[in-house]
Colleague: 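Pasting in a structure now, in structure tokens, and then I'll have a few things to ask.
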Amino acid sequence: MKAEANSAEGTKAGAKPERRHFLRDIIEEDLRTGKYGGRVHTRFPPEPNGYLHIGHAKSICLNFGLAKEYGGLCNLRFDDTNPTKEEMEYVKSIQEDVRWLGFDWEDRLYYASDYFEQLYEYAVQLIKKGKAYVCDLSADEIREYRGTLTEPGKESPYRNRSVEENLDLFRRMRAGEFPNGARTLRARIDMSSPNLNLRDPVMYRILHATHHRTGDTWCIYPTYDWAHGQSDSMEGITHSICTLEFADHRPLYDWFLDELGIYHPQQIEFARLNLTYTVMSKRKLLQLVEEKHVDGWDDPRMPTISGLRRRGYTPESIREFAERIGVSRSESTVDMASLEDCIRDDLNKRAQRVMAVLRPLKVVIENYPDGMVEELDAVNNPEDASMGTRKVPFSKVIYIERDDFREDPPKKYFRLSPGAEVRLRYAYIIKCTDVVKDEKTGEIVELRCTYDPETRSGSQQRSRRVKGTIHWVSAPHALNAEVRLYDRLFTVEDPSGDDWKSFINPNSLELLRNCKVEPSLATAKAQDRFQFERMGYFCVDYDSTADHLVFNRTVTLRDTWAKIEKS
RNA sequence: UGGGGUGUAGCCAAGCGGUAAGGCAGCGGCCUUUGGAGCCGCCAUUCCCAGGUUCGAAUCCUGGCACCCCAGCCA
């Protein structure tokens, strides 16, 4: 069925075919062979040590999306095995972000910490089998004993303790008899394995720390490697989807599961998402926040879900992005332009059009009657007639964009210049007759124009045509607004390396405090999205109030003029 | 000089022995009261390289090369 959907016809019909990828192949094959009795059960397993970013969105769309697509289930499970880095604030934000993206874990909200007792029991089982032991080596010593990439490691002198001693020591570790780092519980595998993960990895470490959920119940905590596979197993996960760097760990997870003799999910790795002009590691994002390079995790410049949300991205656009980029096992860095195309595409269809002048230049229409006001009809969305029309007031004094006037126009400049004509959107054709400048600075402070009453928009205007159309706002009716213009956070495509912070774009935020917007925006509420005609897509920021409107620029419109002018 | 991965266009990415999908970007043109949107067209004689197998190879084999990941009591 899906194959046919790939025809040009299927694409045009609007029922977008899912693109082919190896995860779908594997799942379909498993479904066909009945490998898991027809079940598809995935999970999204974040550690609550930071906010989710667009890379996580890819994983969320994969896990929740695939489950939904094949009639399965997807759990949300917090991998909260490290109390020193995890916080409740993060578990809250993660849930909010997953929900906002449009996914639902129903009653399947789990925590690795829910399994601490069971994990402890499993560990005891391995000790009893002689497959795990308490080791007294320090962290440094363990590293030395581990060997290197090319040389085998050495066995710990504590490796051959008796089962009884191990059981006793492990019990006392749990009881809190030893200080942090004094001992660990290690799997007894193979110190000469070419896979370093198999050189007696640590399963438990002593951490006298308060856990955000279990409080002080525990002072030993399972490592991720020890907890993850068993958590998946306990939840009956069929397809345990994770990123490439865990491929090396798979033999370890397999070993644990096999030694324990419990249900065995299959792990499948995919390449994590990288995006140009941004960073994606939680460590770096945390640093940007803590060092105040941005205004918090939800700063609109951040690639976090909450940042994108505040920036004005829609869940639909992010899901579409996840689908467009596909999924594979090769390292990739997706062009930011691709993400931007997704939001433009979505907002083009849904955003209400509105007129807003970001850098106002006053224009007096000399032959327009004093005090007269006309209510002109404006289309709310040319892509969607059902969104209707609205009235926009027009009067003798208006504001236009400073950039829409050039005293000395370059070639192919279709906007206003001395003596030139331009159409005011939904209104009249005007002609610039005079330029008023500040005597001292020479700055243009006002334009004098005349209008042609015969050219009113909507009238039988077949008479005259001009090349350019510009937007405007009636001065006496205009609302003041603050507009935050966001640009890419970094100046280079790949801000990696030790000096990554030196690539932070000093102009990633431009604050415009004297913008003029049309009166219909008076009732706009936080998160409402608009297209400011000819300028871009904007959304109302959380900081916005009735007497102080604040808009964030989500993305500019495609600007072919900017390209022409550049060349 | 260990192990695990990956190499298809500027960026993603299909392709699974039968003659290189699609998207983004870019470039032309049409259309347009948003220099937006939309529409039309162009954009890999070749798939990291070299051999080999085959009537036929991006797909199979052999040998190279390049890049990524692993030496946390992080995840």
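Residue numbers start from 1 in every chain, and the chains themselves are labelled A, B, ... in the order their sequence lines are given, proteins ahead of strands.
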Colleague: Side chain of T469(A), base of U34(B): donor and acceptor closer than 3.5 Å?
Modeller: no
Colleague: For atom CZ of R272(A), decide whether the heavy atoms of other residues, nucleotides or ligands shown that lie under 6.0 angstrom number more than 12.
Modeller: no
Colleague: How many whole angstroms separate atom CD of E401(A) from atom C1' of U34(B)?
Modeller: 13 Å
Colleague: Can you tabulate the close N/O pairs, meaning under 3.5 Å, that link protein atoms to atoms of nucleotides 14-19 of chain B?
Modeller:
residue	atom	partner	partner atom	Å
A14(B)	OP1	V327(A)	O	3.4

Colleague: Looking only at N and O atoms, is any donor in the side chain of R465(A) or the base of U33(B) less than 3.5 Å from an acceptor on the other one?
Modeller: no
Colleague: Mind checking S332(A) for me? I need base, sugar-phosphate or nothing, with any heavy atom below 4.0 Å counting as a touch.
Modeller: sugar-phosphate
Colleague: Taking the same atom, C1', in A57(B) and in C48(B), what whole-Å distance lies between them?
Modeller: 16 Å
Colleague: Hey, are E269(A) and R250(A) close enough for a salt bridge, meaning a charged N less than 4.0 Å from a carboxylate O?
Modeller: yes
Colleague: Where does G72(B) fall, syn or anti, if syn means a chi angle no more than 90° from 0?
Modeller: syn
Colleague: Given the structure, check if the side chain of E383(A) and the base of G36(B) hold any donor-acceptor pair shorter than 3.5 Å.
Modeller: yes
Colleague: Check the orientation of Y253(A) and Y224(A). Use parallel for under 30°, tilted for 30 to 60°, and perpendicular for over 60°.
Modeller: perpendicular
Colleague: Any side-chain N or O of R329(A) less than 4.0 Å from the OP1 or OP2 oxygen of G5(B)?
Modeller: no
Colleague: Is S233(A) reaching over with its side chain to a backbone N or O of G229(A), donor-acceptor style, under 3.5 angstrom?
Modeller: no
Colleague: Write down the protein N/O and nucleotide N/O pairs, taken from nucleotides 73-75 of chain B, whose separation is under 3.5 Å; answer none if there are no such pairs.
Modeller:
residue	atom	partner	partner atom	Å
C73(B)	OP1	R146(A)	NH2	3.4
C73(B)	OP2	R146(A)	NH1	3.1
C73(B)	N4	L137(A)	O	2.9
C73(B)	N4	A139(A)	N	3.1
C73(B)	N4	G181(A)	O	3.1
C74(B)	OP2	R205(A)	NE	3.0
C74(B)	OP2	R205(A)	NH2	2.6
C74(B)	O3'	R205(A)	NH2	3.2
C74(B)	O2'	N82(A)	ND2	3.2
A75(B)	OP1	T81(A)	OG1	2.6
A75(B)	OP1	R205(A)	NH1	3.4
A75(B)	OP1	R205(A)	NH2	3.0
A75(B)	OP2	Y224(A)	N	2.9
A75(B)	N6	H249(A)	NE2	3.4

Colleague: Rounded to whole Å, how long is the line connecting atom CZ of F414(A) with atom C1' of U34(B)?
Modeller: 14 Å
Colleague: Does R423(A) make a side-chain donor-acceptor contact with the base of U33(B), cut-off 3.5 Å?
Modeller: yes
Colleague: Applying side-chain contact (heavy atoms from CB on, under 4.5 Å), run through F270(A) and S328(A) and close with a yes or a no.
Modeller: CA-CA 6 Å; F270(A) 70 94; S328(A) 73; over 6 Å; no
